[in-house]
Amino acid sequence: MLTIRSVGRRFPGGVEALRDVSLRLGAGDFLALLGPSGCGKSTLLRLIAGLDRPDAGSLDWDAGHALAPGDAGFVFQDATLLPWATAEDNVFLPLRLRGMSRPRAMPAVREALAHVGLGGFEKARPRTLSGGMRMRVSIARALVTRPRLLLMDEPFAALDEFTRHKLQADLLALWRELGCTIVFVTHSIYEACFLARRIVLMTPRPGRVAREMASALAHGADTRLDPAYAALVAEVSRSMERALEAG
Amino acid sequence: MKAAPLLFGLLALIAWEAVVRAGNVPPYIVPGPVAIVAAFAAGPLSLLTALASTLVVTFIALAVAAVLGALLAFAMSVSRLAQAAIQPWAVVLQVTPIVAIVPLVIIWVGYLVTSPRISTLITLVVSATIVAFFPIFANTAEGLASAPAELGDLFRLYGGGRWQTLALLRLPAALPYFLTGLRISGGLALVGAVVAEFVAGSGGFASGLAYTIQEAGFRLQVPRMFAALVLLSLAGIAINLGLGALARFVLRRRGMA
């Protein structure tokens with residue numbers, strides 16, 4: 001759906017966040033951008049979302065795939081909910097910004113909340129929810145417009161491990177069910193290997209794509225114990241180390 | 001622990017009374033607490049009327065400062081030109097001592113308003129407003145810019161317009177800041193009202209507590225001065241606690257506290 005061609009981005013002040021990044025994103029992909037802090041993966045995500053523009057190169061959307069508001073959902077590292085609004089009103093926000101009335105939006109809002117396992121929490125304020133539940137509201141908010149593309153910027157990095165594992169499994173189930181494309185930024189090798197079909201390794205200063213790896217992991221109940229998962233983690237770790245030494 | 005400040009205050013009062021009595025200090029130099037209470041009891045009505053008069057000025061000034069401060073902060077947040085135009089003047093008002101401004105206010109208001117009663121009231125309100133304005137203005141301005149950048153991005157991503165972002169994000173985000181400013185300004189409005197009363201005298205307007213203190217001072221009624229002072233500080237405490245409770249109530253209802 002998207003071809004990224006030799007994209008570069010330099011911030012005022014001289015930091016070169018991205019240099020000569022090329023990447024192709026296909027419909028239905030689950031792609032992880034993996035790398036240490038400062039490798040430009042979040043910058044690349046913002047470029048894809050249209051929240052920032054490249055200084056060099058281009059992002060070319062396939063015909064009929066260009067993003068209109070609501071076609072892409074964005075999930076940040078923090079849940080970034082409106083603290084004064086209920087879970088329901090937070091999820092309603094994207095539809096509200098597009099001018100949809102509350103009664104018309106409510107079925108979609110309820111459905112999105114049910115999708116992330118928050119049926120029954122419609123009237124809860126963010127303060128009263130746990131970190132994991134807040135992140136679920138944030139994901140529901142990204143899903144409510146039925147986006148073709150879901151962009152996630154280290155969404156589970158601030159959660160405890162148990163909550164993170166549960167949310168990762170639920171995200172995979174959602175991806176299969178909804179059939180959307182996901183670009184997932186992470187600095188966790190385990191997370192990238194567990195979730196993604198394609199793993200793009202990035203190195204910092206300047207941010208560049210070092211290597212791309214495919215995952216053929218068959219997801220089951222015990223994926224984290226699967227030797228194939230362990231082998232993939234080991235392979236990605238080695239590749240990352242080599243890439244960082246070379247860089 | 002909770003009773004500690006009360007106990008300490010009580011002990012201090014007892015010690016004060018003891019020292020005054022033991023040292024035979026005349027009440028026109030330092031009156032003891034008992035003499036102060038007696039001074040209040042001797043003429044409670046005139047003191048309470050004076051308090052009411054000061055409070056009227058305080059609350060009008062606080063209301064005007066709240067409206068003006070919030071409006072100007074709002075104007076600044078929607079227009080860079082307004083920001084460039086307003087901000088330096090707000091700081092000028094903030095750093096200029098109010099005592100130095102009041103005489104000018106007296107002249108200008110006196111020129112515009114002929115009734116001395118009303119012109120004194122306006123002078124006091126204007127002066128107290130100048131003092132109370134800045135915290136509300138500065139806090140609200142900060143609050144309007146306080147929403148996390150990610151939420152701004154989210155609004156952009158979904159095509160949210162400028163006014164939508166203002167109404168659904170920046171104004172609600174500014175509310176706690178406004179309430180904090182209001183609480184600070186509440187105390188300052190009282191200070192401003194008292195300072196202005198001192199400088200302006202009382203003219204035709206019913207005299208406030210500052211005037212009471214001055215007048216009692218001229219007559220060496222020191223216990224009465226103290227009684228007025230105690231009333232003033234009680235009023236300040238009540239305003240502070242009241243506005244704090246208001247802020248907590250509003251924010252709890254909004255799910256923000």
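Letters go in sequence order (proteins before strands), and every chain restarts at 1.
- Evaluated for a side-chain contact (heavy atoms from CB on, under 4.5 Å) with Tyr158(B), the options Leu93(A), Leu95(A), Thr145(A) yield exactly one hit, Thr145(A).
- Open room surrounds CZ on Arg96(A); 12 or fewer heavy atoms of other groups in view lie less than 6.0 Å from it.
- Interatomic distance, CZ of Arg127(A) versus CZ of Arg254(B), reported as 14.0 Å (0.5 Å rounding).
- Other residues, nucleotides and ligands contribute over 12 non-hydrogen atoms within 6.0 Å of the CZ atom of Phe11(A).
- Put simply, of Gln77(A), Arg125(A), Arg46(A), the one with the most heavy-atom pairs under 4.5 Å next to chain B is Arg125(A).
- To the nearest 0.5 Å, the span separating CH2 on Trp84(A) from CG on Leu175(B) amounts to 9.0 Å.
- Separation of atoms CG (Leu151(B)) and CG (Leu81(A)) is listed at 8.0 Å; rounding is to 0.5 Å.
- Other residues, nucleotides and ligands place more than 12 heavy atoms under 6.0 Å from the CZ atom of Phe198(B).
- Shown here is Arg80(B), whose CZ atom has no more than 12 heavy atoms of other residues, nucleotides or ligands within 6.0 Å.
- Taking every heavy atom of both residues into account, Gly159(B) and Pro69(A) meet most closely at N-CB, 4.1 Å.
- To the nearest 0.5 Å, atoms CG (Leu51(A)) and CD (Glu150(B)) are separated by 10.5 Å.
- For chain A, the nearby parts of Leu168(B) are the backbone and the side chain; heavy atoms of each come within less than 4.5 Å.
- More than 12 heavy atoms of other residues, nucleotides or ligands lie within 6.0 Å of CZ in Arg102(A), so this atom counts as buried by the packing criterion.
- Between Leu157(B) atom CG and Leu151(A) atom CG the span is 7.5 Å, to the nearest 0.5 Å.
- For Ala173(B), the parts lying under 4.5 angstrom from a heavy atom of chain A are both the backbone and the side chain.
- For CH2 of Trp61(A), the number of neighbouring non-hydrogen atoms (other residues, nucleotides, ligands) closer than 6.0 Å is greater than 12.
- Rounding to the nearest 0.5 Å gives a distance of 9.5 Å between CZ of Phe74(A) and CG of Leu154(B).
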